[in-house]
Amino acid sequence: MKILRSAILMASAALMAACCNSGKTMDALYEGLPFDMPRVQAPDIPSRSVNLLDFGGVPDGKTLNTKAFADAIDALVQKGGGRLEVPAGVWRTGPIGLQSHIELNVCKDAVIVFDPDQSLYPIIDTNFEGLDVRRCLSPIHAEGATDIAITGGGIIDGSGEYWREVKKRKVSDDRWKEILKRGGVLSDDGKVWFPDEGYKKARATAGSLNYPDPSLDENEIKTFLRPVMVSLRNCERILLQDCTFQNSPCWNLHPLYCKDLIIKDITVRNPHYSANGDGIDIDACENVILTGSSFDVGDDAICIKSGKDADGRRHARKCRNLIISDCTVYHGHGGFVIGSEMSGGVENIKVSGCRFIGTDVGLRFKSTRGRGGLVKDIWCDHIYMKDIVAYGVIFNLYYAGVAATDMAEGQLEPVVEVDETTPEMRDINFSDILCAGAGQAIYINGLPELPVSNISFANSNFTAGKPAEIHFATGITFDNVLINGESVANTPTE
C-alpha cells in the first residue's frame with residue numbers, strides 16, 4: 001500500500017508540473033499577446049501527503065468532518081506543507097481554511113458538502129462587491145497564503161439552497177413547491193422566498209442591493225450575509241484544477257488581491273435562478289490564466305472586478321494581466337463581464353477561443369457614475385455565441401444593478417463634471433466574433449461627459465433581432481463586420 005501511494009503521489013506531482021510549469025500548452029497561451037505579461041508562477045507544494053481518513057474523517061455524508069480537515073492541514077503545515085488527499089465518499093464539513101504550501105486534492109469520487117449550520121460560519125470583516133463589509137466566513141478560505149491548490153477532479157458543494165433567496169418568476173411551479181417545503185418565509189406579495197425572517201428583514205432595508213441597514217443585529221440577519229463559497233484574499237501562486245465547484249451561497253469563486261493564479265479545466269455550476277450566483281469574480285488580481293473551463297450559473301459567469309466607489313479607489317488595486325482561453329459558458333447573465341465594480345481599474349486582458357451558449361449577454365462591460373476607474377487595453381477574439389437573449393456585445397455606463405434583460409435602453413442624462421468618480425472605458429478590441437442569434441447585436445451607452453472611446457470591431461458576423469445602437473461614444477470602428485448579412489459602415493457617433 002505504501003508503494004502504491006508513493007507511486008500515486010509521484011504521478012500527481014508529475015502531472016501538476018506538466019500542466020503548470022511552462023509546458024507546451026501553457027506556453028501557447030502567451031503567444032501573440034498584445035501586452036507584456038510575466039509568466040504566471042505555479043504553486044510550490046511538497047510531494048508529501050496525508051489522507052483525511054487518517055485524521056478521523058468519515059465520508060458517510062452525515063458525520064461532520066470540520067476537525068478532521070483542520071487537523072490534517074495543521075499536520076501538513078507542521079511538516080512544511082503538502083497534499084491533503086480527500087478520498088471517495090461524501091464529506092460533510094464546516095469551513096476549510098487553506099494555508100501556505102497546501103494542496104486540497106479532492107479525488108474524482110469525492111464530494112465535499114458544506115453544512116448549512118450558520119453557527120459554523122462566523123461573521124468577519126471582508127470585502128464583497130468591491131466594498132469593505134461584514135459577511136459570513138467562506139466555506140473555503142485563505143488569507144495571505146502562498147502556494148495553494150485545489151485539485152483532483154472531485155465536487156465541492158456549498159449547500160447554497162439554504163442561504164439564497166428565490167424569486168418565484170425564475171422557477172417552475174414544481175420547483176417552487178419544492179422550495180416552499182423547506183420552510184422559510186415569503187415576501188409580502190408572495191413572489192420571493194426567503195430562508196428566514198432575518199433575511200426578509202434585511203432585504204427590506206437593502207432594496208435590490210446586498211447592504212442592509214447597519215443598525216440591524218448582524219446575527220439576526222446572518223443568512224442575508226451569506227458568504228462566497230471560495231474566498232482567496234491576498235494570496236500568491238494558486239492553482240484550481242479539474243474540480244467542480246457548485247451550489248454556492250453567493251458568488252462561487254472569489255480571488256481578491258491575488259497574484260499568479262492558474263484556473264484550469266474546472267467546472268462551475270449554480271442553479272439558473274441563484275441570486276448572486278456568479279461563476280468566478282477575479283477581483284483586483286494580477287497575472288491570471290483561466291483556461292479550459294465550463295460555467296453554467298445564475299449570474300455573471302466570468303467576471304472581472306477591481307473595487308467599488310470610494311472603497312475601490314482607496315484600495316487602488318488594478319485587475320490586470322489576464323489570459324482567458326477555451327472556456328464555455330451556458331446560462332449566465334454575461335459570458336465575459338467587466339464591472340460593474342471597476343474603481344481600481346482594469347487593463348491588459350485577452351479573451352480568446354470561448355463559447356457562450358444561451359447567456360443573457362455575450363460580452364458585457366458595465367459601470368456607472370460614482371465608480372471612477374479606467375478600463376482599457378482589452379482584446380476579445382474568436383468568440384462564438386449562440387442564442388444570446390439580450391446583447392451580443394454591450395457597454396452600459398448607466399448600470400443600475402439589474403440584469404441586461406431588465407435594462408432600460410437609451411437612458412440618457414445631462415452632462416456632469418468629470419472627476420475621480422467618472423468611470424472610463426476605452427481602447428477595447430473585438431475581432432473574429434460570431435454571434436448566431438441575439439436580441440441585439442451591439443449596444444453602447446456611454447456617458448455624455450466622458451464617452452466610451454476607441455472601440456474596434458473586425459472580421460465579425462452577428463445575427464440579431466436589432467442591429468448596432470450607439471450613444472455617447474467616439475472612435476467606434478467596424479472593419480469587415482456583418483450584422484444580419486449587411487456590412488456595418490463607420491458612421492459618426494455621439
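Along the sequence shown, residues carry numbers from 1. Hydrogens, waters and symmetry mates are skipped; everything else that's a heavy atom, side chains included, is used.
Counting all heavy atoms, side chain and backbone alike, Ser343 lies closest to Asp309 at OG-N, 2.7 Å. Taking every heavy atom of both residues into account, Ala301 and Val329 meet most closely at CB-CG1, 3.5 Å.
Asp299 and His333 are linked by a side-chain donor-acceptor pair at a separation below 3.5 angstrom, with hydrogens and angles left out of the test. Tyr273 and Arg175 form a side-chain donor-acceptor contact under 3.5 Å, judged by distance and modelled atom types alone. In this structure, a donor-acceptor pair under 3.5 Å is present between the side chains of Arg355 and Thr328. Side chains of Asp157 and Gln246: a donor on one and an acceptor on the other come within 3.5 Å. Using modelled atom types, one finds a donor on one side chain and an acceptor on the other under 3.5 Å when comparing Ser340 with Arg371. Checking Tyr162 against Gln118 by side-chain atom types alone, no donor-acceptor pair falls below 3.5 Å. Using a 3.5 Å distance cut-off with no hydrogens or angles, the side chains of Asp189 and Ser187 do pair a donor with an acceptor. Donor-acceptor pairing under 3.5 Å is lacking for the side chains of Ser100 and Asp147. Side-chain atoms of Ser248 and Asn270 include a donor-acceptor pair closer than 3.5 Å.
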Note to self: I'd like to know whether Asp213 forms a salt bridge (charged side-chain N to carboxylate O under 4.0 Å, His left out) with Lys201, so could you lay out the CA-CA distance, the side-chain angles of the two residues, the decisive distance to 0.1 Å, and finally the verdict.
What the structure shows: CA-CA 10 Å; Asp213 184 335; Lys201 185 175 182 179; over 6 Å; no
Margin query: Set out, in order, the CA-CA distance, both residues' side-chain angles and the distance that settles salt bridge (charged side-chain N to carboxylate O under 4.0 Å, His left out) for Asp260 and Arg237, then state yes or no.
Written below: CA-CA 5 Å; Asp260 289 321; Arg237 296 182 297 280; 5.2 Å; no
Next item on the list: For side-chain contact (heavy atoms from CB on, under 4.5 Å), just list the numbers for Ile150 and Ile140, CA-CA rounded to whole Å, side-chain angles, deciding distance to a tenth of an Å, and then say yes or no.
Entry: CA-CA 10 Å; Ile150 302 174; Ile140 295 180; 4.1 Å; yes
Note to self: I'd like to know whether Thr126 forms a side-chain contact (heavy atoms from CB on, under 4.5 Å) with Arg233, so could you lay out the CA-CA distance, the side-chain angles of the two residues, the decisive distance to 0.1 Å, and finally the verdict.
What the structure shows: CA-CA 9 Å; Thr126 185; Arg233 292 167 49 100; 3.4 Å; yes
Note to self: As a quick check of understanding, evaluate side-chain contact (heavy atoms from CB on, under 4.5 Å) for Val111 and Trp91, giving each step before the final call.
What the structure shows: CA-CA 6 Å; Val111 181; Trp91 299 89; over 6 Å; no
Next item on the list: Apply side-chain contact (heavy atoms from CB on, under 4.5 Å) to the pair Arg164 and Arg226, showing each step before the final yes or no.
Entry: CA-CA 8 Å; Arg164 300 183 302 256; Arg226 53 201 166 102; 3.8 Å; yes
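Within the 3.5 Å criterion, the main-chain N or O of Tyr121 finds a donor-acceptor partner in the side chain of Lys222. With Thr244 contributing its side chain and Ile155 its backbone, the two residues share no donor-acceptor pair below 3.5 Å. Judged by distance alone, with hydrogens and angles left aside, the side-chain atoms of Asp196 form a donor-acceptor pair with the main-chain N or O of Tyr199 at under 3.5 Å. Within the 3.5 Å criterion, the main-chain N or O of Lys167 finds no donor-acceptor partner in the side chain of Trp176. A donor-acceptor pair under 3.5 Å links the side-chain atoms of Asp60 to the main chain of Thr63, judged by distance alone. No donor-acceptor distance shorter than 3.5 angstrom exists from the side chain of His315 to the backbone of Gly312, with no hydrogens or angles considered. Checked by atom type and distance alone, the side chain of Lys305 pairs as donor or acceptor with a backbone atom of Gly339 at under 3.5 Å. Side chain of Arg48 to main chain of Gly81: a donor-acceptor pair is present (N/O by atom type, distance under 3.5 Å, no hydrogens or angles). Remark: side-chain polar atoms of Lys200 are paired, donor with acceptor, to backbone N or O of Leu186 under 3.5 angstrom. Side chain of Asn51 to backbone of Leu84: no donor-acceptor contact under 3.5 angstrom is found.
Asp283 is not listed as a side-chain neighbour of Arg317, based on a closest heavy-atom distance of 4.5 Å or more. Using a 4.5 Å cut-off on side-chain heavy atoms (C-beta onward), Val106 and Leu104 make contact. Side-chain contact check for Lys264 versus Ile289: every heavy-atom pair is 4.5 Å or farther apart. When side chains are defined from C-beta on, Val228 counts as touching Phe128, because their heavy atoms get closer than 4.5 Å. A heavy-atom distance below 4.5 Å is not found between the side chains of Pro139 and Pro95. A 4.5 Å side-chain heavy-atom check between Asp381 and Ile383 finds every atom pair outside the cut-off. Considering only heavy atoms from C-beta on, Ile102 stays 4.5 Å or farther from Ile45 through its side chain. The closest side-chain heavy-atom distance from Ile324 to Ile302 is below 4.5 Å.
Within a 6.0 Å radius of NZ in Lys350, other residues, nucleotides and ligands contribute more than 12 heavy atoms. For CZ of Arg203, the number of neighbouring non-hydrogen atoms (other residues, nucleotides, ligands) closer than 6.0 Å is greater than 12. Residue Phe194 places its CZ atom among more than 12 non-hydrogen atoms of other residues, nucleotides or ligands, all under 6.0 Å distant. The number of heavy atoms from other shown groups lying within 6.0 Å of OH (Tyr330) does not exceed 12. Heavy atoms from other residues, nucleotides or ligands lying under 6.0 Å from NZ of Lys168 number 12 at most.
Partner of Phe114 under the side-chain contact (heavy atoms from CB on, under 4.5 Å) criterion, out of Thr66, Ile96, Asn247: Ile96 alone. Screening Gln241, Arg83, Glu103 for a side chain to side chain donor-acceptor pair (under 3.5 Å) with Thr151, the sole residue that qualifies is Glu103.
Ring pair Phe395/Phe365 is parallel by interplanar angle, where below 30° counts as parallel and above 60° as perpendicular. The aromatic rings of His382 and Tyr384 sit tilted, their planes meeting at an angle between 30° and 60°.
Note that CG of Leu232 and CD1 of Ile282 are 11.5 Å apart. Values are rounded to the nearest 0.5 Å. Here the OG atom belonging to Ser138 is positioned 9.0 Å from the NE2 atom belonging to His254, to the nearest 0.5 angstrom. Note: Ile304 CD1 to Leu322 CG = 5.0 Å, rounded to the nearest 0.5 Å. Between the CG atom in Asn287 and the CG atom in Leu261 there is a gap of 10.0 Å [rounded to 0.5 Å]. In this structure, Glu143 CD and Leu137 CG are separated by 10.5 Å, a value rounded to the nearest 0.5 Å. For the atom pair Arg364 CZ and Cys303 SG, the distance stands at 8.5 Å (nearest 0.5 Å).
We find that Asp125 and Arg135 are not joined by a salt bridge, their nearest charged nitrogen and carboxylate oxygen being 4.0 Å or further apart. Ion pairing between a basic and an acidic side chain is recognised when a charged N comes within 4.0 Å of a carboxylate O; Arg269 and Asp296 show no such pairing. Between Arg320 and Glu286 there is a salt bridge, with a side-chain nitrogen of the basic residue lying less than 4.0 Å from a carboxylate oxygen of the acidic one. Remark: Asp300 engages Lys366 in a salt bridge, criterion side-chain N to carboxylate O under 4.0 Å.
A search for ring pair (Phe, Tyr, Trp, His ring centres under 6.0 Å) contacts involving His272 returns His331, not counting sequence neighbours. Contacts of Phe356 classified as ring pair (Phe, Tyr, Trp, His ring centres under 6.0 Å), with partners at least two apart in sequence or in another chain: none.
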